[in-house]
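Have a look at the structure below, then the notes.
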2 protein chains.
Amino acid sequence: MPPSSIREVARRAGVSVGTVSNVLNRPDLVAEATRDRVRAAIEELGFVRNESARRLRQGGRRADGDPPGARPRPFGVVVEDLTNPYATDVARGAEQALNAAGHDALWLTNDHSADKERRCLELLEQQHAAGVLITPVGLGPFGIVRLRAAGMAVVLLDHTGPGVCSVRVDHVAGGAVAAAHLLGLGRERLAFVTGAAHPQPCQERLDGAAHALAQAGREPAVTLAQASLTPTEGAAAARRLLALDQVPTGVFCANDLLAVGLVNELVRQGVRVPEDVAVIGYDDIELAATAAVPLTTVRQPRHELGRAAAELALTEAAEEPRHEHRQIVLTPELVVRESA
Amino acid sequence: MPPSSIREVARRAGVSVGTVSNVLNRPDLVAEATRDRVRAAIEELGFVRNESARRLRQGGRRADGDPPGARPRPFGVVVEDLTNPYATDVARGAEQALNAAGHDALWLTNDHSADKERRCLELLEQQHAAGVLITPVGLGPFGIVRLRAAGMAVVLLDHTGPGVCSVRVDHVAGGAVAAAHLLGLGRERLAFVTGAAHPQPCQERLDGAAHALAQAGREPAVTLAQASLTPTEGAAAARRLLALDQVPTGVFCANDLLAVGLVNELVRQGVRVPEDVAVIGYDDIELAATAAVPLTTVRQPRHELGRAAAELALTEAAEEPRHEHRQIVLTPELVVRESA
DNA sequence: AGCGTGCCTTGAAACGATTCACGATCATCG
DNA sequence: CGATGATCGTGAATCGTTTCAAGGCACGCT
C-alpha cells in the first residue's frame, strides 16, 4: 500500500490540503471540529508525513521559527575506532554538550581509513547534519571546504588545520612531562612503546618525551612500535622488553591500554612495578586508576575536549556566515599513582 | 551561502537542468564534452544533491533500480552506552556485516533512557534509515509497529519480543555455567555482584546462577547491586565484600568490567585470587585476558551477535513485505583462566 | 444597510531533483 | 536530395509538503 498523502487525507476529511498541513503544524489555527475531522482521517488512512517533501519545502531553515515537530539537525561525531575508550570518552563529552543544546549526535567510525572517512562524511552530508566533529584521517583542506559548502560546521578533534576550528591536547607537553617524571625518578634506561600506525598525536607524545630526554642529554634506549594500541599488544611489548639484553628501568607508553597490558604482563613475569620497571601511560582512562598496579599516567581532559569541540561546532553552526575559527589547545596533566 | 541547486549548475554550464540530472544519474547518456562542462560547474559551485528532493521525486522506491550514485539507506545501531566495551564490540560486529553489504552504520546511544531512545528512533526515522538494531530500553510492540510503518526493519539486541527479529545470548545458561564452575571448585559461600539498574540480561545471568545454586541446594550469601557496571564500582564491591563478617569464597560478577575492578582491588588488599576468593566475570572483553589475574569468564559471542543481528536486519529490509521474523539465541561459553 | 473585525479556510506557488516525450542536429545511404 | 536513424538536449510535468495572500463568513457596531 503506497503511503497516503496529505491530499488524500484532505479529500477524505473534506477540506483543503492547506488545512491538513495546518492541523499538522499549527493546530491552533484550525477550528476544533475541522481539526478532529482531519485527525480522524489521518488515523483511518494511517497517514505519515513524508519527511523528504517537508524538508524540501522547508529548505535550509535554521532553528528559529521551526514549527513544532521539526527536529534540529543532528551533528556527526566521527572517530577512528569506537572500541577505544579514549575515543568514546571524547565522543561522549561531545554528545552531552550537543544534547544539552537540544541536538542529537550520530557516531561514525572511519576505521583509520581515508576511504571510509569519505563515506562517513558523504553520509552526514546526505543526512543534512548541522556539523561534524572529526578525528581526521585523510581529510584535507579541500574536503573541509566541501563540507562547508554543504552547510556543515567542521571541528577537528586532536588535529589542527588552517582555517578550521579544532580542539587538541598539547601532546608534546604531555610527553615531556611523562619523560621528565621518569627521569626525576632516577630512571635512565628508558623505553618508548607506541603504535605502528604512528598517528599524529602519538608521534607528538613521543616527540615531546624525546625532546625532554634530549634536554637532559639522554635518549631512549628502545622505541617499540606495536601493531595497535591495545592491552594485548602491550603484553607483547612487555615480552619484547624482557627479551632485551638490558631491560629498561622506565617505560613510557603512548596510551593507557598499552600500559595496562604491559604492566600486567610484567607483573605476571615476576617483574616488580615500579621497583624494577617504572611504567607511565597516557590518557588516564578509567581502568588506569583501578588497575592492579594503579597506573601513573598523563591525563587528557578528554571529556572536556569533546565538550569544547561540541561548543565550537554549535557556535560555528549558529554564526554560520561570518565565523572566526578557533584553535583550542588543552594541557594534559600528570597523574601520579603507583606504577611510576 | 545557500547550497546551490541543479538549476544554477545548469546555468553555469550552459545546459538544461535535465542534462545536469543526466550527468548525475546516467552519465552515459551525455556527450563527453557536455559531461565535462557540467562536472566542472558542479565542482566550482560545490554543488551537492539535495537528497530530500531526490527522494521526494523518486518516491518510495527500493533498492532495485537505483541509479548509480544513490546511496543505500543506512542502518542505525542503538546501544545503551558506547562507553561499555561489550556494547562497542557488538556494534562493531554489526557494522562490519553492514559495511560488507554496502550499507553504513550510524551509532546512537540511548543512555538507558526511554526518552532518549525515542529521540534516537525519531531521528533514524527522519533520516530514512533502512533499519535499526537496538538494545531496547523502553521500546514496546507499539513502538516497533510504528518503526515498521516508517519502513524500517527492526532487530532487537539482547532482548526478545513477539513478532520481531532478535538476537540474544542465553544468559540464563551463561549464569548457570558460571555458578556451576564456582561450585565445582568447591566454593560454597558465593556472592553475586550486579548493577542497580538490573537490565534484563544481567537479571537473567543472576537468575541462571541462582537456579544452578538452587539445584545444588544452595543459595547466594549476598547479592550486591552496584551503581553501574564499571571497574570503579567493581572496586567498591570488593570493599563491601571484605567488610562482611564472612568473606565469600567465590564471586560471580554480572560483567567483566566489574570483575576486573573487583579483582584488582582484592589483590591490592592482599587477598589472593583465586586461592582466597575465586572470581568469575561475564562477557570476555579483551581486558579479561590481559588482566593482572587473567579472568575466568563467560564468553559472549558478541561479534557474532552483532553480525547475526545485522544479517537479520538486512534480510528483513530486503524481503520487506512478507517477512518471517526470527529469534536467534546464541550460547555463551565458559572460558577458564586463572581467577577461578 | 454598511462596515470593520476576527476567525477559518482555500488555492496556488514554491522547494529541488527526476523523468520522459519530443526536437534538434548530423551523418549515412540509396 | 530526401529519408532514416542515432545521438544529445530540452522543457515541462511531477513528487508531497509548507506557506501565504486572499477570500468567505458571522458577528457586532454605528
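So you know, we letter chains A, B, ... as the sequences are listed, proteins then strands, and number each from 1.
- Within the 3.5 Å criterion, the main-chain N or O of S5(B) finds a donor-acceptor partner in the side chain of E8(B).
- Remark: R326(A) CZ is loosely packed, at most 12 non-hydrogen atoms of other residues, nucleotides or ligands lying under 6.0 Å away.
- When distances are taken from the side chain of N22(A) to each of dC8(C), dT10(C), dT17(D), the shortest belongs to dT10(C).
- Sequence order on DNA chain C of the closest nucleotides to T19(B) and S52(B) puts S52(B) first from the 5' end.
- Rounded to whole angstrom, the span from the CD1 atom of I42(A) across to the C1' atom of dT17(D) amounts to 13 Å.
- Distance, L24(A) CG to dT17(D) C1': 9 Å, rounded to whole Å.
- Contact of the L108(A) side chain with the L106(B) side chain is registered, since non-hydrogen atoms from C-beta on lie closer than 4.5 Å.
- For R54(B) and dT19(C), the CZ to C1' distance is 13 Å, given to the nearest whole Å.
- Direction change of the helix axis from one end of the helix from dA1(C)-dT30(D) to dG30(C)-dC1(D) to the other is 70°, with five pairs defining each end axis (rounded to 10°).
- One interatomic measurement links the two molecules: CZ of R49(B) to C1' of dC15(D), which rounds to 16 Å at whole-angstrom precision.
- Nucleic acid contact class of V30(B) (heavy atoms, under 4.0 Å, all strands): sugar-phosphate only.
- The nucleotide whose nearest atom lies closest to any side-chain atom of L56(B) is, among dT17(D), dT19(C), dC15(D), dC15(D).
- The phosphate of dG16(C) has neither OP1 nor OP2 within less than 4.0 Å of any side-chain N or O from S5(B).
- A donor-acceptor distance shorter than 3.5 angstrom exists from the side chain of R37(B) to the backbone of A13(B), with no hydrogens or angles considered.
- For N25(A), counting side-chain heavy atoms from C-beta on, the closest listed nucleotide (dT10(D), dT18(D), dT17(D)) is dT18(D).
- Spacing between atom CG of N50(B) and atom C1' of dA14(C) amounts to 14 Å, rounded to whole angstrom units.
- The nearest whole Å value for the distance from the CZ atom in F47(A) to the C1' atom in dT17(D) is 8 Å.
- Contacts of V20(B) with the nucleic acid, taken as non-hydrogen atoms under 4.0 Å apart, are absent.
- The 5' end of DNA chain D is approached more closely, in terms of each residue's nearest nucleotide, by G18(B) than by the other of R7(A) and G18(B).
- Remark: side-chain polar atoms of D111(A) are not paired, donor with acceptor, to backbone N or O of S113(A) under 3.5 angstrom.
- One atom, CZ of R26(A), and another, C1' of dC8(C), lie 13 Å apart when rounded to the nearest Å.
- When rounded to the nearest whole Å, the span between CD1 of I6(A) and P of dA12(C) equals 16 Å.
- A close approach under 4.0 Å does not occur between any side-chain nitrogen or oxygen of S16(B) and OP1 or OP2 of dG11(D).
- Taking 3.5 Å as the limit, the base of dT18(C) and the side chain of R57(B) contain a donor-acceptor pair of atoms between them.
- Two residues, A53(B) and V17(B), neighbour DNA chain D, and the one matched to the more 5' nucleotide by heavy-atom proximity is V17(B).
- Shown here are the side chain to side chain contact (heavy atoms under 4.5 Å, CB included) partners of E43(A), two or more places apart in sequence or in another chain: there are none.
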Compile the donor-acceptor pairs under 3.5 Å between side chains in residues 153-163 of chain A and protein atoms, sequence neighbours left out, one pair per line.
from: D158(A); atom 1: OD1; to: H171(A); atom 2: NE2; distance (Å): 3.3
from: D158(A); atom 1: OD2; to: Y86(A); atom 2: OH; distance (Å): 2.8
from: H159(A); atom 1: ND1; to: Q200(A); atom 2: OE1; distance (Å): 3.1

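- Dashed line: the shortest gap from a side-chain N or O of S21(A) to OP1 or OP2 of dT17(D) is not under 4.0 Å.
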Can you give me every donor-acceptor pair (side chain of residues 130-145 of chain A, partner residue at least two apart or in another chain, under 3.5 Å) with its distance?
none

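- Every salt bridge (charged side-chain N to carboxylate O under 4.0 Å, His left out) that R12(B) has, sequence neighbours left out, goes to E44(B).
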Please list, pair by pair, any protein nitrogen or oxygen found under 3.5 Å from a nitrogen or oxygen in nucleotides 5-7 of chain C.
none

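- In this structure, E304(B) pairs ionically with R307(B), as a charged nitrogen and a carboxylate oxygen lie closer than 4.0 Å.
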